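On a predicted model such as this, the values are computed, not experimentally measured, just so you know. Order of the sequence lines sets the chain letters (A, B, ...), proteins ahead of strands, with each chain counted from 1.
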Amino acid sequence: MDRLLFGDNQFFGVNHMSEEKARAQSMRFQDIKAVIEVLDTAYDAGINTFMCTTHDRIAKVCDHMRANPERYKDFIFYPCMPYAHKYANAVTEDGILGTLKRFTPDEGFINAAFRGGMSLATKDIEGITTLLIDAEMKMFAGLNTPVIFLQNVVVDLLLGLGFKDAFRIFADHIKTHYNAEPAFITMNMPLLLDALEDLGIENPIVCSNINKIGFRMCGGFEAYARALREKQFRAIAMSVFASGGIPPREAIKWVCEQPNIQSIVFGASSRGNILSTRDLVGEYWT
Amino acid sequence: MVRLAVVGLGKMGLSHFSMINAHPEVKVVAICDAMGYVLDVLNKYAGTPIYTDYNAMLNEVELDAVIIATPSLLHGKMVRSALEKGIHVFCEKPFCLDVAEGGELTRLARQKGLVNQVGYHYRFVGAFQEMKRLLDLKAIGEVTHVLAEAYGPVVLKPKGSSWRSQSSQGGGCLYDYAAHPINLLNWFLGAPIGVGGTVVHKIHSKNTDDKVFGTLFFENEVTAQVSVNWSDESCRKMSTKMTVWGSQGRIFADRQECQAYLREPVAALPDYSSGWNVRYTTDLTKEVWFYLRGEEYSAQLDYFVGCIKNQAVDNLNSFESAWMTDQVISMMIEDAKLGPSVKIGNHALAAPKKNNRFFTFFTR
């Protein structure tokens with residue numbers, strides 16, 4: 001994994017501080033060309049990995065990369081699935097079963113699986129899960145996706161429910177069908193590490209908030225620090241600036257001092273911010 | 001340990017189950033849903049005992065508390081059965097479609113001395129809590145008007161097959177979306193004395209409403225306007241915003257931030273100055289034990305558990321407060337049937353004044 005990964009929140013109007021800023025970003029990145037321009041800036045600055053949600057609009061970025069294989073020969077995607085709002089809104093409209101039918105390519109499979117009514121066989125659960133994964137991965141066909149993430153809303157939902165076997169189903173399918181490393185995003189890192197350990201998933205890639213002020217580090221700052229010191233896993237730090245709560249230099253310096261962090265994922269819209277983050281990481285991470 | 005059951009495992013129920021199941025002071029001892037397949041999966045993989053019959057569950061399982069997240073039409077009966085068994089209740093919003101029943105249940109919960117909470121999670125959002133604090137301190141003087149808005153991309157096409165697309169089941173923009181800003185209005189201003197000009201219309205839906213507008217009238221000429229639309233694709237997700245005008249300033253709040261314009265400094269608010277002041281939810285929010293989809297969802301459940309442990313029955317988001325919102329919704333439904341109060345062509349036109357220059361210009 002690269003040390004610095006480029007995130008995508010800024011492209012889709014995700015801003016934890018302000019809806020106004022989020023909307024301004026949506027407007028700025030309405031044209032996919034504007035997204036690609038920023039990606040080019042990052043790529044030319046030596047940041048080759050794009051960690052992105054499986055949002056419909058990413059399909060256009062994928063098309064662009066496929067159309068210019070020479071230019072993007074070192075470009076790496078880390079897909080993060082699913083884009084949860086798509087499913088949440090569909091559940092309001094059509095319920096859980098209707099949503100599954102809507103998003104799986106093979107409606108016959110869902111109908112057959114649910115015909116049994118009360119009892120869904122294990123193979124059906126696995127079948128539905130893998131169909132959903134395949135539907136999300138379709139847009140990346142032919143592109144380099146060595147690490148594939150399950151998004152935090154799904155990871156944490158399953159974690160809370162105690163439906164840990166789903167992590168195993170996900171991990172196995174990602175390894176066997178995509179020859180890629182399964183990875184997990186979570187807001188509850190210490191708890192997730194325990195669950196993955198129970199499942200025997202060794203040295204997992206886990207992305208979570210890791211920042212100096214403990215912003216959205218559920219389970220507590222101390223538990224995170226202990227996990228970084230003691231647990232066998234590959235940590236990716238996100239929200240290192242705590243949504244603007246920590247000045248960049250201070251934020252990067254602190255993260256670079258923590259043990260066991262393999263990568264930092266960050267989002268930026270301007271060339272200036274991309275380069276200054278790259279340079280700060282270069283300065284403190286030796 | 002609080003022994004708890006989750007009833008109804010749709011979108012809200014599943015997320016409540018996930019959060020409360022991770023709570024260190026709670027043991028989820030049963031889950032209940034009419035849909036076998038959801039239960040089946042959860043029983044197989046999470047190992048929680050399952051029921052398809054709610055009353056059988058109440059009879060067979062020793063419970064301290066229940067979370068009810070079934071379709072809204074079922075809330076009333078289920079809440080009553082739980083209260084009668086002496087069980088603390090957290091119920092999803094809206095509380096009760098039948099307003100009379102809501103009143104009875106409010107009284108029953110009080111009489112039994114049980115914790116009674118409804119899932120209006122915006123009251124647990126830092127920015128709205130800050131807005132409430134500023135209003136209680138009269139930071140902007142006397143409130144004159146409020147704009148209460150919510151927009152989001154739920155129904156964008158003429159289809160939908162769940163209970164949420166049926167107004168008879170408590171589905172629709174009014175119950176699902178508008179209930180939130182109305183509930184915040186109730187929190188800030190109390191109960192209105194009347195409603196007027198209500199519009200509850202379809203855009204894409206066949207059997208329910210997609211947009212809601214209306215005016216709420218409070219004592220002392222305080223007014224509020226509600227503007228809600230869940231067929232707005234320009235919003236990435238639900239966006240609820242409140243703007244309050246007062247004699248001494250204005251406050252805006254949404255899930256992210258609280259922006260207050262104060263005409264004068266306020267003695268009780270030493271860290272606020274005159275002019276604009278911005279506070280962010282990220283700074284105002286306390287850490288939660290488990291994060292799934294926003295601190296407020298975790299916080300409201302933690303609060304419920306805390307109230308049970310401390311036997312605090314005068315809790316926030318009580319049945320009584322949610323019942324107030326139910327009453328406003330019911331008034332708005334009645335008002336919407338009336339349509340426009342004055343129609344073109346059948347009102348007495350004001351006669352123009354004789355010396356009106358504008359008038360003489362045209363009749364010259």
Subject >> Arg168(A) atom CZ, over 12 foreign heavy atoms within 6.0 Å >> reply: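 Yes.
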Subject >> Heavy atoms of other groups near Tyr261(B) OH, more than 12 under 6.0 Å >> reply: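 Counting neighbours around OH of Tyr261(B), 12 or fewer heavy atoms of other residues, nucleotides or ligands fall under 6.0 Å, so no.
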**OP:** Identify which of Ala166(A), Cys218(A), Ser26(A) forms the greatest number of heavy-atom pairs closer than 4.5 Å to chain B.
**Re:**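 So the answer, after comparing Ala166(A), Cys218(A), Ser26(A), is Cys218(A).
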Original post:
With chain B, which of Asp156(A), Asn188(A), Thr186(A) has the greatest number of heavy-atom pairs at distances under 4.5 Å?
Top reply: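 Among Asp156(A), Asn188(A), Thr186(A), the one with the most close pairs to chain B is Asn188(A).
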Original post:
Is Arg255(B) salt-bridged to Glu19(A), cutoff N-O under 4.0 Å?
Top reply: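 Salt bridge between Arg255(B) and Glu19(A), a charged N being under 4.0 Å from a carboxylate O: no.
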Original post:
Can you name the nearest heavy-atom pair linking Asn21(B) to Gly162(A), along with the distance?
Top reply: ND2-N, 4.2 Å
**OP:** Locate the shortest heavy-atom distance separating Leu14(B) from Leu161(A); write the atom from each residue and the value.
**Re:**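 Looking at all heavy atoms of both residues, the shortest contact is O-CD2, 3.8 Å.
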Region of [X] that comes under 4.5 Å of a non-hydrogen atom in chain A:
{"X": "Phe290(B)", "result": "both"}
{"X": "Leu42(B)", "result": "side chain"}
{"X": "Ser234(B)", "result": "neither"}

How many angstroms lie between atom [atom1] of [X] and atom [atom2] of [Y], to the nearest 0.5 angstrom?
{"X": "Thr48(B)", "Y": "Phe163(A)", "atom1": "OG1", "atom2": "CZ", "value": "12.0 Å"}
{"X": "Tyr291(B)", "Y": "Asn209(A)", "atom1": "OH", "atom2": "CG", "value": "8.5 Å"}
{"X": "Gln256(B)", "Y": "Glu20(A)", "atom1": "CD", "atom2": "CD", "value": "11.0 Å"}
{"X": "Met187(A)", "Y": "Ser298(B)", "atom1": "CE", "atom2": "OG", "value": "10.5 Å"}
{"X": "Arg216(A)", "Y": "Glu295(B)", "atom1": "CZ", "atom2": "CD", "value": "4.0 Å"}
{"X": "Thr282(B)", "Y": "Ile213(A)", "atom1": "OG1", "atom2": "CD1", "value": "8.0 Å"}

